[in-house]
Amino acid sequence: MLRAKLGLTRSNQVTEMLRTSVRACLVAALLMIGATGCEKKSGEAVVLAKEHIDAVLPTAETPNAQSAPSPNEQLRPMRDDETAVDGYVMKPEERGTSRDPRALSHEQWLVKVRMLDNGRTFQVPADQAKWEKLRENDRIKVRYRTGKYTGTVWAAEIE
């Protein structure tokens, strides 16, 4: 009777039922993956280095998209006037400036730390005030999340 009033056929009813239940299942699955996909850790660390990276200067034109490397493309050796930092090759005078390939739309204050309990080394973003107070070899408390399956550090902060 309700079907006749609303004009729903059996296939429409199934579609409506699936539409509402699939959304709820998808949200539940994403929450479970998010909750179980990372482990929260904290501990004491030693400051190894500090680095400031300027923000990228705004440009009027959009940058050209870089094409994917072809299979025939050969890796070139690093030149004498280049340095490698965090997997990026750049000239030393570009490091920390707005031309740094790691530069974002905002300034970054990075602290490289080594955890005392497991020897793991990673970078922690900090605000400017904390960054200025820190010195090399200082001991600090760090909270971070690691992927359970990959061990990758996803988020880190200084306590």
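- A salt bridge is absent between Glu157 and Lys141; no separation between the charged side-chain nitrogens and carboxylate oxygens falls under 4.0 Å.
- Within the hydrophobic cluster formed by Ile, Leu, Val, Met, Phe, Trp and Tyr side chains joined at under 4.5 Å, directly or through other members, Ile53 is accompanied by Leu110.
- In this structure the side chain of Arg135 reaches within 4.5 angstrom of the side chain of Lys50, judged on heavy atoms.
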Contacts table for residues 83-90: side-chain donor-acceptor under 3.5 angstrom, sequence neighbours left out:
residue : atom : partner : partner atom : Å
Asp86   : OD2  : Arg102  : NH1          : 3.1
Asp86   : OD2  : Gln123  : NE2          : 3.2

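- Atom OG1 of Thr97 sits about 4.5 Å away from atom CZ of Arg99, to the nearest 0.5 Å.
- Each side-chain hydrogen bond (donor to acceptor under 3.5 Å, both in side chains) pair with one or both residues in residues 103-116, not counting sequence neighbours, appears once here: His52-Glu107.
- Every side-chain hydrogen bond (donor to acceptor under 3.5 Å, both in side chains) that Thr150 has, sequence neighbours left out, goes to Thr152.
- Within a 6.0 Å radius of CZ in Arg139, no more than 12 heavy atoms belonging to other residues, nucleotides or ligands are found.
- Residues passing the salt bridge (charged side-chain N to carboxylate O under 4.0 Å, His left out) test with Lys91, sequence neighbours excluded: Asp81.
- Expressed to the nearest 0.5 Å, how far OG of Ser98 lies from CG of Leu104 amounts to 12.0 Å.
- Hydrophobic cluster of Leu116: the remaining members, joined at side-chain heavy-atom separations below 4.5 Å, are Val46, listed by chain and number.
- Lys41 meets the side-chain contact (heavy atoms from CB on, under 4.5 Å) test with Glu39, Tyr144, Thr146; sequence neighbours excluded.
- Among residues two or more places apart in sequence or in another chain, the salt bridge (charged side-chain N to carboxylate O under 4.0 Å, His left out) test is passed with Glu132 by none.
- What you find for Phe122 and Ala156 is that their closest heavy atoms are CE1-CB, 3.8 Å.
- Contacts of Glu94 classified as salt bridge (charged side-chain N to carboxylate O under 4.0 Å, His left out), with partners at least two apart in sequence or in another chain: none.
- Using a 4.5 Å heavy-atom threshold, the side chains of Val113 and Thr121 count as separate.
- Counting only distance, with no hydrogens or angles, the side chain of Asp138 and the backbone of Leu134 share no donor-acceptor pair below 3.5 Å.
- With sequence neighbours excluded, the residues forming a side-chain contact (heavy atoms from CB on, under 4.5 Å) with Asp127 are Ala129, Lys130, listed by chain and number.
- Looking at residues two or more places apart in sequence or on another chain, you find no side-chain hydrogen bond (donor to acceptor under 3.5 Å, both in side chains) involving Glu93.
- With sequence neighbours left out, the side-chain contact (heavy atoms from CB on, under 4.5 Å) criterion links Val56 to Ala103.
- The structure places CD of Glu159 at 10.5 Å from CD of Glu44, a figure rounded to the nearest 0.5 Å.
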